[in-house]
A.B. asks: 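Dropping the structure in here first, questions after.
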Amino acid sequence: MLTMRTESALGNMGEHPACNRLLSVGEAFLSGVLLEAGTHPKPGLVTPRSNGAHNDMTHMTFMVGSAAISQAFYCCADAGFTHTADFPTLLPTLRTIGKSFEKHLLNKTKNVNTQRGALFLGGLLSGVSGKLFQTTESSTLSHLDVCAGLSTMCEGLVERELSSLEENVERKETAGEQLYKRYGARGVRGEVEDGLPSIINAGMPALVNALDNGLSLNDAFAHTLISLLTMVEDTTILWRRGPDFLKSAQQAAQSALSQGGMLTEAGRNTVRQMDMKFSADNFSPGGCADLLAMTIALYLLEKGNFPRKIM
Ligand SMILES: CC(C)(COP(=O)(O)OP(=O)(O)OC[C@H]1O[C@@H](n2cnc3c(N)ncnc32)[C@H](O[C@H]2O[C@H](COP(=O)(O)OP(=O)(O)OP(=O)(O)O)[C@@H](O)[C@H]2O)[C@@H]1O)[C@@H](O)C(=O)NCCC(=O)NCCS
Ligand SMILES: Nc1ncnc2[nH]cnc12
């Protein structure tokens, strides 16, 4: 006797569409983190061909990290689908799932922080997606609806977790908490509370435009990353090199985009130069990398698949 999940995973969609749709949420977000890690070039970031600004991780670290968090997305989607109360009351459940997977991630990567941010973003988005599937028969979700649900669920998160930070808290303050105190940077919490404006206004339009213009998946993803970098307040850059570097990185990305980004040879050369400079200056936009992964995942949730051959 097959379990419901196994039967559905075997494609028996007719009987268990709900479970199959939750499996597709998990698959979309795992695809996002894997395809992000596999994209090259990405200024300062780890790719299959470069370790960027990192001396403690390679592409293999991200494969192990992705495997470690892969089940979190289905678990969060399932939690969202079975959550009978309103969006804000779903958040603590997802945080509990996330915190246990974060421990697992760091255990599997031997304490190298590959994708804490991706786990946070993907887990919350998966939970919202699962909840939205309660009220539709569709097998796809609009990224605008998912981002709106995220914003509703995370309303007040910055205030609760950053603005009201106690002085000399018992535990070591996280990077995000220290950066909020130092610069007022809202980081990933600000992104989710605002409903991912960087994806809605930059990432998703860039990805759709790149694919419509015939770019390969790799080049479309690299183009999307550059677009995100123009506007994201990336605390991983702030943490390593401060606000002036963050501003210069955003300006460099804007300059590359003005030359066409990955759509033109001049733009591609500028992106390659950015990669060399970010790596030499020892900083990388880890937050933008996570948002790239999420853009890919939300694209797959909305469209179901990529438009052409997977190349
Ligand atoms: C909620 C937390 C994840 C918040 O953690 P923290 O207090 O540290 O807050 P932030 O710094 O704001 O964000 C944490 C990570 O989020 C990514 N990020 C940063 N800015 C943004 C942004 N504007 N938008 C989106 N995402 C953003 C970033 O993660 C990526 O970069 C990390 C790799 O950076 P790197 O510098 O290479 O490595 P480090 O070890 O950090 O530094 P070095 O020593 O090497 O210099 C990697 O994590 C990428 O993912 C930020 O780091 C957390 O507190 C939490 O609660 N987690 C539990 C999980 C959870 O609640 N899940 C819920 C659903 S499952
Ligand atoms: N490819 C990557 N390189 C470095 N940090 C990251 N954080 C998320 N993806 C990353």
Side-chain angles (χ1 to χ4, degrees), residues 29 32-48 50-59 61-62 65-66 69 71-73 75-77 79-80 90-103 105-106 109 111-128 150 153-154 157-158 161-162 165 171-180 185-194 196-199 203 221 225 228-229 231-241 246 278-279 282-294:
F29 284 91
V33 294
L34 289 172
L35 291 169
E36 177 278 303
T39 297
H40 181 85
K42 295 195 301 277
L45 293 162
V46 171
T47 81
S50 163
N51 297 343
H54 300 273
N55 55 21
D56 61 348
M57 44 188 172
T58 69
H59 183 240
T61 326
F62 279 88
S66 301
I69 64 176
Q71 312 302 326
F73 305 130
C75 289
C76 288
L90 173 59
L91 182 58
T93 304
L94 300 177
R95 296 291 294 222
T96 303
I97 296 169
K99 284 187 164 63
S100 60
F101 270 95
E102 186 171 273
K103 286 195 185 80
L105 168 65
L106 294 173
T109 61
N111 228 28
V112 171
N113 171 21
T114 53
Q115 295 137 312
R116 277 174 73 235
L119 168 62
F120 177 71
L121 288 166
L124 297 186
L125 286 166
S126 297
V128 168
L150 179 70
M153 182 169 74
C154 297
L157 185 64
V158 170
E161 296 196 0
L162 295 177
L165 263 179
R171 60 174 172 73
K172 180 173 178 296
E173 283 183 339
T174 63
E177 291 163 344
Q178 293 177 52
L179 292 169
Y180 181 78
R186 300 162 71 227
V188 72
R189 293 178 180 85
E191 285 284 339
V192 297
E193 184 167 326
D194 296 346
L196 298 180
S198 56
I199 291 182
F221 299 154
L225 179 81
L228 287 162
L229 186 53
M231 68 177 284
V232 170
E233 179 190 61
D234 196 320
T235 60
T236 51
I237 299 178
L238 267 181
W239 179 250
R240 286 198 178 197
R241 302 306 301 264
L246 175 59
F278 284 27
S279 302
N282 188 32
F283 72 96
S284 83
C288 293
D290 291 338
L291 290 166
L292 167 60
M294 299 304 120

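Note that the structure is a prediction, hence the values are computed from the model and not measured. First listed ligand is number 1; within each ligand, the first listed atom is number 1. Reckoned from all heavy atoms, side chains included, excluding hydrogens, waters and symmetry mates.
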A.B. asks: Tell me, please: is L124 in heavy-atom contact with ligand 1, that is, under 4.0 Å?
C.D. replies: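 Checking ligand 1 against L124, which is what was asked, there is a heavy-atom contact under 4.0 Å.
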A.B. asks: Heavy-atom contact under 4.0 Å between A72 and ligand 1?
C.D. replies: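 It does not; every heavy atom stays at 4.0 Å or beyond.
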A.B. asks: Do me a favour and list the nearest non-hydrogen protein atom to atom 23 (N) of ligand 1 with residue, atom name and distance?
C.D. replies: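 Going atom by atom, the protein heavy atom closest to atom 23 (N) of ligand 1 ends up being E233 O, 2.9 Å.
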A.B. asks: Could you check whether any heavy atom of T114 sits closer than 4.0 Å to an atom of ligand 1, since that is the contact criterion I want to use?
C.D. replies: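 It does, in that a heavy atom of T114 comes within the 4.0 Å cut-off of ligand 1.
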A.B. asks: Among D290, T235, T96, which residue places a heavy atom closest to atom 11 (O) of ligand 1?
C.D. replies: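 The option holding the nearest heavy atom is T235.
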A.B. asks: Give the residue and atom name of whichever protein heavy atom lies nearest to atom 26 (N) of ligand 1, and the separation in Å to one decimal.
C.D. replies: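 For atom 26 (N) of ligand 1, the nearest protein heavy atom comes out as V188 CG2, 3.4 Å.
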A.B. asks: Can you report which non-hydrogen protein atom sits closest to atom 24 (N) of ligand 1, along with the distance?
C.D. replies: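 For atom 24 (N) of ligand 1, the nearest protein heavy atom is E191 CG, 3.0 Å.
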A.B. asks: What atoms in ligand 1 come closer than 4.0 Å to a heavy atom of T174?
C.D. replies: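 That gives atoms 6 (P), 7 (O), 8 (O) of ligand 1.
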A.B. asks: Any N/O of R240 closer than 3.5 Å to an N/O of ligand 1?
C.D. replies: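 Yes, at least one N or O pair falls under 3.5 Å.
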A.B. asks: Below 3.5 angstrom, do we get any N/O pair linking G117 and ligand 1?
C.D. replies: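 Between G117 and ligand 1 (N or O atoms, distance only) the closest approach is under 3.5 Å.
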A.B. asks: Checking S100 now: which residues fulfil side chain to side chain donor-acceptor pair (under 3.5 Å) with it, not counting sequence neighbours?
C.D. replies: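 Applying side chain to side chain donor-acceptor pair (under 3.5 Å) to S100 gives none.
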A.B. asks: For W239, is at least one N or O under 3.5 Å away from an N or O on ligand 1?
C.D. replies: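 No, there is no polar N/O contact under 3.5 Å.
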A.B. asks: For ligand 1, which atoms sit closer than 4.0 Å to a heavy atom of H54?
C.D. replies: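 So the atoms of ligand 1 that pass are 37 (O).
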A.B. asks: Which atoms of ligand 1 are found less than 4.0 Å from any heavy atom of M57?
C.D. replies: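 Near M57, the atoms of ligand 1 are 37 (O).
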A.B. asks: At a 4.0 Å threshold, what atoms of ligand 1 neighbour a non-hydrogen atom of K99?
C.D. replies: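 With K99 as reference, the close atoms of ligand 1 come out as 56 (O), 58 (C).
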A.B. asks: Give me the nearest non-hydrogen protein atom to atom 64 (C) of ligand 1 as residue plus atom name, then the distance to 0.1 Å.
C.D. replies: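 Result for atom 64 (C) of ligand 1: L94 O, 3.4 Å.
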A.B. asks: Please check whether T236 reaches ligand 1 - meaning an N/O of the residue sits under 3.5 Å from an N/O of the ligand, judged on distance alone.
C.D. replies: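 Between T236 and ligand 1, no N or O pair is found under 3.5 Å apart.
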A.B. asks: Nearest protein heavy atom to atom 62 (N) of ligand 1, by residue and atom, and its distance?
C.D. replies: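 Going by distance alone, atom 62 (N) of ligand 1 is nearest to G98 CA, 3.5 Å.
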A.B. asks: If you measure from each heavy atom of E161 to ligand 1, is any distance below 4.0 Å?
C.D. replies: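 So E161 does not count as touching ligand 1.
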A.B. asks: Considering only the protein, which heavy-atom contact is closest to atom 56 (O) of ligand 1, and what is its distance?
C.D. replies: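 Here the closest protein heavy atom is R95 NH2, 2.7 Å.
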A.B. asks: With F73 as reference, evaluate F120, F29, F101 under the ring-ring contact (aromatic ring centres under 6.0 Å, His included) test and give the passing residue.
C.D. replies: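 Going through the options one by one, the only one that passes is F29.
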A.B. asks: Closer than 4.0 Å and a protein heavy atom, does any atom meet both conditions relative to atom 44 (O) of ligand 1?
C.D. replies: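 It does not: no protein heavy atom is found less than 4.0 Å away from atom 44 (O) of ligand 1.
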A.B. asks: Hey, are the side chains of V232 and E191 touching, using non-hydrogen atoms and a 4.5 Å cut-off?
C.D. replies: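 Result yes, sub-4.5 Å side-chain heavy-atom pair found.
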A.B. asks: Anything under 3.5 Å between an N or O on ligand 2 and a protein N or O? List each pair with its distance, or write none.
C.D. replies:
| residue | atom | partner | partner atom | Å |
| --- | --- | --- | --- | --- |
| ligand 2 | 1 (N) | E36 | OE2 | 2.9 |
| ligand 2 | 1 (N) | V46 | O | 3.0 |
| ligand 2 | 3 (N) | V46 | N | 2.9 |
| ligand 2 | 7 (N) | T114 | O | 3.4 |
| ligand 2 | 9 (N) | E36 | OE1 | 2.9 |

A.B. asks: Among all the protein's non-hydrogen atoms, which is closest to atom 39 (P) of ligand 1, and how far away is it?
C.D. replies: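 Protein heavy atom at minimum distance: N113 ND2, 3.7 Å.
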A.B. asks: Measuring only between side-chain heavy atoms, which start at C-beta, is L196 closer than 4.5 Å to L121?
C.D. replies: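 With C-beta onward as the side chain, the pair touches.
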A.B. asks: Number the atoms of ligand 1 from 1 as they appear, then name those within less than 4.0 Å of a heavy atom of A118, with their elements.
C.D. replies: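 That gives atoms 50 (O) of ligand 1.
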A.B. asks: List the steps and the verdict of side chain to side chain contact (heavy atoms under 4.5 Å, CB included) for D194 and R186.
C.D. replies: CA-CA 10 Å; D194 296 346; R186 300 162 71 227; 2.8 Å; yes
A.B. asks: Considering only heavy atoms of R189, which atoms of ligand 1 have at least one such atom less than 4.0 Å away?
C.D. replies: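 With R189 as reference, the close atoms of ligand 1 come out as 4 (C), 6 (P), 7 (O), 9 (O), 54 (O).
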A.B. asks: Are any of the N or O atoms of S284 closer than 3.5 Å to those of ligand 1?
C.D. replies: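 Looking only at distances, the answer is no, because the N/O contact criterion of under 3.5 Å is not met.
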A.B. asks: Number the atoms of ligand 1 from 1 as they appear, then name those within less than 4.0 Å of a heavy atom of E102, with their elements.
C.D. replies: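 With E102 as reference, the close atoms of ligand 1 come out as 55 (C), 57 (N), 58 (C), 59 (C).
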A.B. asks: Considering only heavy atoms of G123, which atoms of ligand 1 have at least one such atom less than 4.0 Å away?
C.D. replies: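 Reading through ligand 1 atom by atom, the close ones are 64 (C), 65 (S).
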